[in-house]
Amino acid sequence: MSVDLSKLDQHLATRTYVEGYTPSQADVHVFKALLSAPDPSLVNVTRWYKHIASYAPEHASLSGSSKAGEAFISSAAPAPAEEDDEIDLFGEDEEEDEEAERVKAERVAAYNAKKANKPKTIAKSVVTLEVKPWDDETDMEALEKSVRSIEKDGLVWGSSTLVAIGYGIKKLQITLVIEDEKISTDELQEEIAEFEDYVQSTDIAAMQSSSFHRCFEISTVSDWKPPEL
């Protein structure tokens with residue numbers, strides 16, 4: 001027989017005896033099952049053990065039944081198979097924890113991959129640019145060709161038209177799409193002004209900012225038409 005000392009110590013934390021308010025055969029039954037003094041760390045059991053030991057000459061004559069004491073005594077130690085089962089159950093808990101962590105890691109990885117593949121929003125602007133020549137003798141075809149010769153990452157030239165401004169002079173009105181982070185309209189105008197044989201001045205007639213996804217075909221700007229002036 002073995003005594004569940006932990007259970008007994010907890011029971012005696014609020015009681016003086018195993019049962020009732022006086023020593024009984026329940027106390028004697030547990031006392032004899034101990035065989036030796038308990039570990040001093042079990043304060044309540046140690047106190048109870050010393051107290052019941054003082055009644056040793058009267059153990060046989062104490063009243064009551066030993067039945068209440070049986071609750072703290074097991075007839076045999078747990079079978080090895082049961083111990084193995086407990087170990088297996090603990091191992092299963094660890095395996096479940098590992099599986100949960102694996103599933104969590106897979107979900108986080110899937111979310112990050114989805115986020116990485118999501119099309120990035122790019123800020124772009126549709127610009128209507130006006131380029132004025134020096135006079136009516138300026139070669140407008142050569143002027144436009146010079147303007148379109150400017151090539152940059154984030155710049156796409158669109159449709160164009162010639163608009164009369166008086167005295168036989170026409171200005172070039174051309175549309176373009178720019179990526180705002182890559183292209184500065186001020187710098188672009190400065191580059192166009194360097195074609196000084198054809199260009200007198202440039203102006204931004206209209207500018208509309210919007211957001212496009214990378215999947216947007218920027219070449220469609222060629223279908224865009226400028227507003228009539």
Side-chain angles (χ1 to χ4, degrees), residues 90-229:
F90 183 73
E92 288 176 3
D93 290 340
E94 286 187 342
E95 290 177 1
E96 290 177 0
D97 291 341
E98 291 176 359
E99 177 65 14
E101 288 298 321
R102 183 186 66 79
V103 172
K104 181 180 178 181
E106 288 180 354
R107 289 177 179 175
V108 171
Y111 171 77
N112 290 334
K114 183 178 179 180
K115 186 176 180 181
N117 293 329
K118 186 177 180 180
K120 183 181 178 181
T121 300
I122 303 173
K124 297 182 181 180
S125 297
V126 178
V127 181
T128 301
L129 180 66
E130 292 182 342
V131 184
K132 295 179 181 179
W134 287 106
D135 51 39
D136 60 344
E137 295 183 358
T138 301
D139 186 341
M140 297 303 292
E141 184 177 344
L143 183 151
E144 181 174 352
K145 186 176 181 180
S146 298
V147 171
R148 291 183 180 275
S149 69
I150 299 175
E151 296 181 354
K152 293 176 177 291
D153 180 30
L155 166 65
V156 175
W157 295 106
S159 61
S160 64
T161 186
L162 296 179
V163 180
I165 57 177
Y167 303 100
I169 302 173
K170 294 181 179 181
K171 62 183 177 182
L172 173 68
Q173 190 175 77
I174 187 169
T175 61
L176 55 144
V177 170
I178 60 172
E179 291 185 23
D180 296 344
E181 292 185 357
K182 297 179 179 179
I183 303 298
S184 164
T185 54
D186 289 339
E187 292 179 0
L188 181 61
Q189 286 180 268
E190 290 177 3
E191 288 188 52
I192 294 175
E194 292 178 3
F195 301 118
E196 53 188 20
D197 289 341
Y198 308 109
V199 179
Q200 179 194 49
S201 63
T202 62
D203 291 298
I204 301 295
M207 185 171 181
Q208 181 179 1
S209 297
S210 56
S211 296
F212 299 79
H213 289 298
R214 288 192 183 278
C215 59
F216 177 77
E217 289 293 338
I218 198 170
S219 59
T220 56
V221 69
S222 60
D223 298 326
W224 190 87
K225 302 296 182 182
E228 293 184 2
L229 300 179

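The shown structure was predicted, so the numbers you read here are calculated from the model rather than taken from an experiment.
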Just so I know, are the side chains of I169 and K132 near enough to count as touching, which here means a heavy-atom distance under 4.5 Å?
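Result no, sub-4.5 Å side-chain heavy-atom pair not found.
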
Are V156 and L176 close enough that some pair of their side-chain heavy atoms sits under 4.5 Å apart?
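No, their side chains stay 4.5 Å or more apart.
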
Please tabulate, for the side chains in residues 186-197, all donor-acceptor contacts under 3.5 angstrom to protein atoms that are two or more places apart in sequence or on a different chain.
unit_1: Q189; atom_1: NE2; unit_2: T202; atom_2: O; d: 3.3
unit_1: Q189; atom_1: NE2; unit_2: T202; atom_2: OG1; d: 2.9
unit_1: E191; atom_1: OE2; unit_2: K152; atom_2: NZ; d: 2.6

Once rounded to the nearest 0.5 Å, what's the spacing between atom [atom1] of [X] and atom [atom2] of [Y]?
X: Q173; Y: T175; atom1: CD; atom2: OG1; answer: 8.5 Å
X: E130; Y: I174; atom1: CD; atom2: CD1; answer: 12.0 Å
X: L155; Y: S184; atom1: CG; atom2: OG; answer: 11.5 Å
X: L162; Y: K171; atom1: CG; atom2: NZ; answer: 11.5 Å

Apply side chain to side chain donor-acceptor pair (under 3.5 Å) to [X] and list each qualifying residue two or more places apart in sequence or on a separate chain.
X: D135; result: T138
X: E106; result: R102
X: D136; result: none

Counting N and O atoms only, with roles assigned by atom type, does the side chain of R148 sit under 3.5 Å from a partner on the main chain of L143, one being a donor and the other an acceptor?
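Absent.
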
Evaluation steps, side chain to side chain contact (heavy atoms under 4.5 Å, CB included), between V147 and W157:
CA-CA 9 Å; V147 171; W157 295 106; 3.5 Å; yes

Just checking E141: does its CD atom have more than 12 heavy atoms from other residues, nucleotides or ligands closer to it than 6.0 angstrom?
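Incorrect, the count does not exceed 12.
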
Test log, rule side chain to side chain contact (heavy atoms under 4.5 Å, CB included), inputs K182 and I122
CA-CA 11 Å; K182 297 179 179 179; I122 303 173; over 6 Å; no

Considering non-hydrogen atoms only, spot the tightest contact between K170 and A164 and give its length.
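Nearest heavy atoms, K170 then A164: CG-CA, 3.9 Å.
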
Measure across G154 and I183 and return the closest heavy-atom pair with its distance rounded to 0.1 Å.
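Here G154 and I183 meet closest at O-CG1, 3.4 Å.
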
